[in-house]
A.B. asks: 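Starting off with a structure, shown below.
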2 protein chains.
Amino acid sequence: MTTIRGARERARTEVTAAIKDEARRQLAAEGAAKLSLRAVARELGMVSSALYRYFPSRDELLTELIVDAYDAVGSAAEQALAAGGPASSATRAGSATRAGSATRAGAVTSAGAVTPVGPASGPVDHVGRWIAVCAAVRAWALAHPHEYALIYGSPVPGYSAPLLTVAPASRGAFALISVARDAHRAGGITPPALSDELRPEAERLTAQFGLDLPPEVVAALLASWAQLFGLISFEVFGQFNHLVEARDELFAQATRRLAHEVGMRDLGVEEAGRAVLPREYV
Amino acid sequence: MTTIRGARERARTEVTAAIKDEARRQLAAEGAAKLSLRAVARELGMVSSALYRYFPSRDELLTELIVDAYDAVGSAAEQALAAGGPASSATRAGSATRAGSATRAGAVTSAGAVTPVGPASGPVDHVGRWIAVCAAVRAWALAHPHEYALIYGSPVPGYSAPLLTVAPASRGAFALISVARDAHRAGGITPPALSDELRPEAERLTAQFGLDLPPEVVAALLASWAQLFGLISFEVFGQFNHLVEARDELFAQATRRLAHEVGMRDLGVEEAGRAVLPREYV
DNA sequence: CCAAAAAGAGAGCAGCGCTCTTGCTTCGGA
DNA sequence: TCCGAAGCAAGAGCGCTGCTCTCTTTTTGG
């Protein structure tokens, strides 16, 4: 499959990669709106029409960049998951991760305002891991604002292929799910409330993905995942400009409370007798 | 000021309004990316260069549409606020609401999956008002996806004027603040926790805007406001496609919990003795 | 070795935002 | 009332875009 079948095939993959790299460069520099096929071709020393041998249209190129961006944010999340204490085998091996292009996200490590726990320091700080994963996603978004906008901002091309991007888009979510699953298995989750109207949907999702979690937690995870990107989008898209300065702190507090929303408990409170409430309500 | 100074001036305002209306039509139909000055001019029976007598550039036109969109969502929120029980004089009269263009949002009323309380039914259901305001914003977003994307999606022109849009952008937020303020004045808020790192910022914001609220609530409001748009954006931008069906229910539950996050209590629980905890933790 | 497939090069089309020049209309002061 | 000034529409045009078509060159496999 991956063996080299000839010089021509080899050249093709190289040129394809070069086009994507240059496109990614322009995307990071100027944003998706300014990405121009002609400029990419110009930079690569070829004529614009030749580029259509590799990508049938501009939107097709953008779609590939979208998939790569999803992979990058998923990779950043999984990396933070692995660094925050190996409580369980990190992520399921499925969903074909396109190993080639996912390496790009390797540079993202600094997750500001978060103190990761040691690899083997007694009881696992599940809330800490949760916060670390959220912070990793945020750090990636702030480091790659245009790529973030490409996937979590307005859908740029006429509502691009949704089905193709579902799998890579879920990688990040599964990192948070892993944290919750580990906490649940360790008995560290008090399932939140779940309305009767929402319960069937939550149970369907739990079964559909074979999650080892109560449906209450699954529903809360879904909402938390969406709300996380509200916080990140406001920061990346400048809604906090001239308004909020202590963004690290706001994000840290908000993600901690999101962890409480899915039923996870802080470490300190857990030890104080049988109080299972998040610190806010003690 | 608003008197007619001559036929020429009258014609100018009319043409300007016609341009904006047509631009808004194209924006709603095709999205900001497809909005073309030439197409607007064509539709209005004029040549493209003539349009530059009214708007110096395409970005300038877009900026006006952005301001209008902020006003529309703010108006929708305030309308839901007024409909959900007049607990206090709805919103401060400041921030020059551009009355002319804000009328457009008058059609937005249906806020699915929410049962507004009667105008004078004993104790005010603050959480219900909160949910109603959130639902109104969501309903507007779903009804005007492209205009929503314009203001809460990726910033399209080279990071458009942020200072000019700050005032109209805050109208919606102030609607939620009003709900919290009313609840606070009625003694219906238990301030959540606030980390020491975030407290100075929260106190600064409280003072800056002269809010009659504890800083704990202000910090939680800020985070909740951002998280609300995470939920809405996921739905409008299609992140829930092929994944979540019961979106009304998910949104209702999530916004109810956001209300709890800022310290508001459900009506039923309040009556049951001295339990001040949200229903989830009882 | 040679036909077939693949790739590059160039011209060209329609559209875009925007500028500049050229006439025409309207306004306000002498 | 007239006339210069200002406002406005129209047209041509510039440089850019995505994309198509044709023609030539290069590489491949039988």
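Keep in mind the model is a prediction, meaning the values are calculated, not measured. Numbered from 1 within each chain, the chains take letters A, B, ... in sequence-line order.
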A.B. asks: Which part of the nucleic acid does A:Leu35 contact within heavy-atom distance under 4.0 Å: base, sugar-phosphate only, or nothing?
C.D. replies: sugar-phosphate
A.B. asks: Quick check on C:dG17: is either OP1 or OP2 less than 4.0 Å from any side-chain nitrogen or oxygen of B:Arg58?
C.D. replies: yes
A.B. asks: Does a distance-only test, which skips hydrogens and angles, find a donor-acceptor pair under 3.5 Å between the side chain of B:Arg12 and the base of D:dG7?
C.D. replies: no
A.B. asks: Starting at CD1 of B:Ile19 and ending at C1' of D:dA9, how long is that distance when rounded to a whole Å?
C.D. replies: 12 Å
A.B. asks: If you assign each of A:Ala39 and B:Met46 to its closest nucleotide in DNA chain D, which residue comes earlier from the 5' end?
C.D. replies: B:Met46
A.B. asks: Tell me whether the guanidinium CZ or amine NZ of B:Arg138 lies under 6.0 angstrom from the six-membered ring centre of B:Phe251 and within 45° of its axis.
C.D. replies: yes
A.B. asks: Nearest whole angstrom, please: distance from the P of C:dC16 to the CZ of A:Arg38.
C.D. replies: 16 Å
A.B. asks: How many Å lie between NZ on B:Lys34 and P on C:dG17, as a whole number?
C.D. replies: 13 Å
A.B. asks: So B:Arg25 and B:Glu22, salt bridge (Lys or Arg N to Asp or Glu O under 4.0 Å) or not? Walk me through it.
C.D. replies: CA-CA 5 Å; B:Arg25 251 205 63 254; B:Glu22 177 59 29; 2.7 Å; yes
A.B. asks: In whole angstrom, what separates A:Leu51's CG from D:dG18's C1'?
C.D. replies: 11 Å
A.B. asks: Measure CD/B:Glu30 against C1'/C:dC16 and give the value in whole Å, please.
C.D. replies: 15 Å
A.B. asks: Please report, rounded to the nearest Å, how far the P atom of C:dA9 is from the OH atom of A:Tyr52.
C.D. replies: 16 Å
A.B. asks: Has B:Glu78 got a side-chain atom pairing as donor or acceptor with B:Ala175's backbone, closer than 3.5 angstrom?
C.D. replies: no
A.B. asks: Check whether any side-chain N or O of B:Ser36 sits under 4.0 Å from OP1 or OP2 of C:dG17, and answer yes or no.
C.D. replies: yes
A.B. asks: Check whether any side-chain N or O of B:Arg42 sits under 4.0 Å from OP1 or OP2 of C:dC16, and answer yes or no.
C.D. replies: yes
A.B. asks: C:dG8 P sits how many Å from A:Leu44 CG, rounded?
C.D. replies: 11 Å
A.B. asks: For A:Tyr152 and B:Phe234, take the angle between the two ring planes, folded into 0 to 90°, and tell me which bin it lands in: parallel under 30, tilted 30 to 60, perpendicular over 60.
C.D. replies: parallel
A.B. asks: Once rounded to the nearest 0.5 Å, what's the spacing between atom OG1 of B:Thr165 and atom CG of B:Asp71?
C.D. replies: 11.0 Å
A.B. asks: For C:dG8, does either OP1 or OP2 sit under 4.0 Å from a side-chain N or O belonging to A:Tyr54?
C.D. replies: yes
A.B. asks: Base, sugar-phosphate alone, or nothing: which one does B:Ser48 contact when heavy atoms must sit under 4.0 Å apart?
C.D. replies: base
A.B. asks: Which nucleotide in the set D:dG18, D:dA10, C:dA9 lies at the smallest distance from any side-chain heavy atom of A:Val47?
C.D. replies: C:dA9
A.B. asks: Take B:Arg53 and A:Ala50, find for each the nucleotide of DNA chain C with the closest heavy atom, and name the residue whose nucleotide sits nearer the 5' end.
C.D. replies: A:Ala50
A.B. asks: Mind calculating the distance between CZ (A:Arg10) and C1' (D:dT28) to the nearest angstrom?
C.D. replies: 17 Å
